[in-house]
There are 4 protein chains.
Amino acid sequence: MSVPPNPHRRSEASRRAILEAALRLCIESGYGQLTIEGIAASAGVSKKTIYRWWPSKGAVVLEALDDLATTVVDYPDTGDLVVDLRTQLTAVIALLSPADRSAVVGLIAEALQNADLAHELRERLIAPRIAQFKERMRRAQLEGQIATDADLDIAVDLLYGPLYHRLVFHLGMPDSRQLGELIEHALRALNTAPRSGETSATMPPAPHARH
Amino acid sequence: MSVPPNPHRRSEASRRAILEAALRLCIESGYGQLTIEGIAASAGVSKKTIYRWWPSKGAVVLEALDDLATTVVDYPDTGDLVVDLRTQLTAVIALLSPADRSAVVGLIAEALQNADLAHELRERLIAPRIAQFKERMRRAQLEGQIATDADLDIAVDLLYGPLYHRLVFHLGMPDSRQLGELIEHALRALNTAPRSGETSATMPPAPHARH
Amino acid sequence: MSVPPNPHRRSEASRRAILEAALRLCIESGYGQLTIEGIAASAGVSKKTIYRWWPSKGAVVLEALDDLATTVVDYPDTGDLVVDLRTQLTAVIALLSPADRSAVVGLIAEALQNADLAHELRERLIAPRIAQFKERMRRAQLEGQIATDADLDIAVDLLYGPLYHRLVFHLGMPDSRQLGELIEHALRALNTAPRSGETSATMPPAPHARH
Amino acid sequence: MSVPPNPHRRSEASRRAILEAALRLCIESGYGQLTIEGIAASAGVSKKTIYRWWPSKGAVVLEALDDLATTVVDYPDTGDLVVDLRTQLTAVIALLSPADRSAVVGLIAEALQNADLAHELRERLIAPRIAQFKERMRRAQLEGQIATDADLDIAVDLLYGPLYHRLVFHLGMPDSRQLGELIEHALRALNTAPRSGETSATMPPAPHARH
DNA sequence: AAGTAAACGAGACGGTACGTCGGGTCTTTTC
DNA sequence: GAAAAGACCCGACGTACCGTCTCGTTTACTT
């Protein structure tokens, strides 16, 4: 239907102004107060220009975050996996706090109701980071820090899942001690997994509990 | 200034009509399309009546879900913990699917941006279910199915966390096999936890060193 | 349909409180800001009680004014017609000023759009005063101050009309000098009218104007 | 704060549709039933567009009437003043009848409670017509039909005043005979006025003393 | 004096319209 | 030909009063 505009003629200045305004307003007043009108006014840009290049305010914020993130370094690798996980999880927690000012949380909220945005969010921001995480875990496997056959998808679930459960229900982000225990539990679960083939559909032996 | 209305005079018929209309519309068109005007029209009720008793459309949906849930039974207890967890987690997954039609997901999205609603959501819907879950787990401890000193808060994190991480980033809900592995890993992590006092800040025993 | 309430059981205290509140609010904030809800709240009375006895807020204000007016004396009669007219017209002007605070002006505004109220207004407030005016004029005729065959309906038009023309278009109420000239012109018109029978459809001789 | 909109960009089509809808609805159902929402719906226009250009529904109707009136001709001048006055007064009466359907009456009612609207009404609709009337009277003075020193402000009072007194109290508009007598009385009052300097503060000459 | 029917205060209710906000589209003008 | 400026239609917002309608609670007339 609508012919996509020619990207060659795009004004880089406008693009930057829009992304910066979006982030600034988001931090100042929270994602919920963010409006296309507000971004346009604050960036000295016409609403049309925003609509020409982005499908929604979520897409603008996503791109703004993506721009920030491209400059971000790789997953930390000090050689000590526990330390690196703790560093990285702490960084994620920082991005999600405080919930009512965090651009990422706003994006998550909108993505929950907007499948297109969710797709973009996953592909551009999340998937690359999950890949980095798995790479780091694979290095840990090579170095014998975790089992070579540990299921890395489950590692993602166990390590990152708790943050989002706590986020969506405002259960409070884990403090340092809780974070340590989470990491410990997750790694132990990965390391004590039965060898492939011997999957027990029911229960692993409870090593200590009986009598 | 604004006096809270007198609950004795409240019309139960209107209350019911509103909650039913809210749920119906939510299922029909998705939480994102839900409006106070739409609920009022569909319930044959004036907007004022909704605003008189609820602070936001999220609060209406929350109460509607709460009403549904009060009739809901306890946490399943067949005696087999793994079976019960699987049953319960499957039920939760059903409540969250499909994401763009689920009232719960809509509520979560709004709660992410609305602290008051988040508070209500946690206290009225989530906390009671977490308590039920912990009770079930405690019974399992008494019956020797899991370690008596297993940390039940971490159990919540490990078992429920993954669902919400997958939900918010549209990573796909776990299928039956994945669910089994998640439960297995979580329980193993809880059962292999070091005895209190012997917390190792660094690493669980290497998997191969187990026997 | 609706049975009219029994006036014997009517609460005089409520009636008074309502009328006083109506007048007070009208003076404080203007007729335009007046609401049934406001009157009820201010009078410490239920809305139902107002609706039981009056059909509209205009009717309330009308009765309030009527109550005031019953205590008012007759048309002035000092023996000097011009003085009395000036006194009376000045009083009317006072009742209509300032336009945005005057209860009478508010009533007039509402009556313009509400035929029932207009009828009540005319019958209860205006007609009696017109009758008093005509009585006074008839006495003046008997005393030879104005022509015995002067048309008193036209006297009403000429003396009171100008006030309302000026009122509705905010042309400014006549000051003392203008008032004197208006009275003079009106009386002269009445006194110089051709005797009955000699009505000239066109023009009276212009006594002075020619050359 | 609120920047006035740029008139150059204004949509003439919307303006016309709004004014026409306003007049149409006013005639169909009366000014009292007129609402901004109704005008917007009937004109196929957004409420915002109305609020952007007019401060109140009265202002819309006023402009609609003004638009009509700009095409209206001058005060009639057949050479016979009495005929012309009768023609003009009859036209005014037509504009004010029936009171509950007349846009002008609705406007008057609102202007009584809204000083801004009253100001606009006077300046844009009434003052020009009063000026035209005075011009016609001045021509009559030049032609010797009325006294050269007749007070034209008082002429306005005597000729137009009665209509509005009768209007606001629903006393009934003058019929043809009454109209003739009013005109006759008014002209006689103007023509018999004492010469400047000989103002009698008290009484006009008694009628019988005339010749 | 007790019984009872009404008018009463309180205020919730279904409505209608208010005036505002932001979304997304469109046109006009400028660079 | 992209961009700024911003008017436009649209739909929902949350509020204010409307006039109606229960609720208990006085109040004042029966009996």
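Bear in mind the structure is a predicted one, so any value in this text is a computation, not a measurement. Side chains are part of it too, since the values below use all heavy atoms of this structure and drop only hydrogens, waters and symmetry mates. Just so it is clear: chains get the letters A, B, ... in the order the sequence lines come, proteins before strands, and each one is counted from 1.
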Does A:L19 form a side chain to side chain contact (heavy atoms under 4.5 Å, CB included) with A:W54? I'd like the steps, not just the answer. CA-CA 11 Å; A:L19 297 181; A:W54 291 277; 3.8 Å; yes

Residues which pass side chain to side chain donor-acceptor pair (under 3.5 Å) with B:S11, listed by chain and number, not counting sequence neighbours
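For B:S11 the side chain to side chain donor-acceptor pair (under 3.5 Å) partners, ignoring immediate neighbours, are B:S14.
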
I want to verify a distance call: between F:dC17, E:dT20, F:dA12, whose nearest atom is closest to the D:Y51 side chain?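 Nearest to the side-chain atoms of D:Y51, counting from C-beta on, is E:dT20.
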
Counting side-chain heavy atoms from C-beta on, which of E:dT27, E:dA6, F:dC23 comes nearest to D:R9?
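Out of E:dT27, E:dA6, F:dC23, the nucleotide with an atom closest to D:R9's side chain is E:dT27.
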
Which of [range] sit near DNA chain E, with a heavy atom under 4.0 Å from it?
range	result
residues 40-50 of chain A	A:K47, A:K48
residues 24-33 of chain A	none
residues 106-121 of chain D	none

query: Are C:R101 and C:E28 close enough, and set up right, to give a salt bridge (Lys or Arg N to Asp or Glu O under 4.0 Å), and what steps lead you there?
result: CA-CA 8 Å; C:R101 281 288 183 282; C:E28 280 172 12; over 6 Å; no

Let me know the distance between [atom1] of [X] and [atom2] of [N], rounded to the nearest Å.
X	N	atom1	atom2	result
C:K57	F:dA16	NZ	P	16 Å
C:I36	F:dG19	CD1	P	6 Å
B:W53	E:dG11	CH2	P	11 Å
B:R15	E:dG14	CZ	P	14 Å
C:N6	F:dA28	CG	C1'	11 Å
B:H8	F:dT25	NE2	P	11 Å
C:R52	E:dA5	CZ	C1'	13 Å
C:I39	F:dC17	CD1	C1'	12 Å

Practice prompt. Return the 5'-most residue of the pair B:E37, C:L34 with respect to DNA chain F, ranking by each residue's nearest nucleotide.
Written response: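 The residue mapped nearer the 5' terminus is B:E37.
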
Given salt bridge (Lys or Arg N to Asp or Glu O under 4.0 Å), test B:R15 with B:D67 step by step and report yes or no. CA-CA 11 Å; B:R15 183 179 161 277; B:D67 260 30; 3.0 Å; yes

Can you find a pair of side-chain heavy atoms, one from A:D100 and one from A:V105, that are under 4.5 Å apart?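 Not in contact.
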
Could you go through residues 35-45 of chain D and list every donor-acceptor pair under 3.5 Å that involves a side-chain atom there, pairing it with any protein atom two or more places apart or in another chain?
residue	atom	partner	partner atom	Å
D:T35	OG1	D:G38	N	2.8
D:E37	OE2	D:K47	NZ	2.7
D:S42	OG	D:R24	NH1	2.9

What pairs meet the side-chain hydrogen bond (donor to acceptor under 3.5 Å, both in side chains) rule with one or both residues in residues 102-115 of chain A, with sequence neighbours excluded?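 For residues 102-115 of chain A, and leaving out neighbouring residues, the side-chain hydrogen bond (donor to acceptor under 3.5 Å, both in side chains) pairs sorted by first residue read A:Y31-A:E110.
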
Along DNA chain E (nearest heavy atom to each residue), the more 5'-positioned of B:E12 and D:P55: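 On the 5' side of the pair lies B:E12.
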
Q: Compare every heavy atom of D:G32 with every heavy atom of D:K57, then report the nearest pair and how far apart it is.
A: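 So the minimum-distance heavy-atom pair works out to NZ-O, 4.2 Å.
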
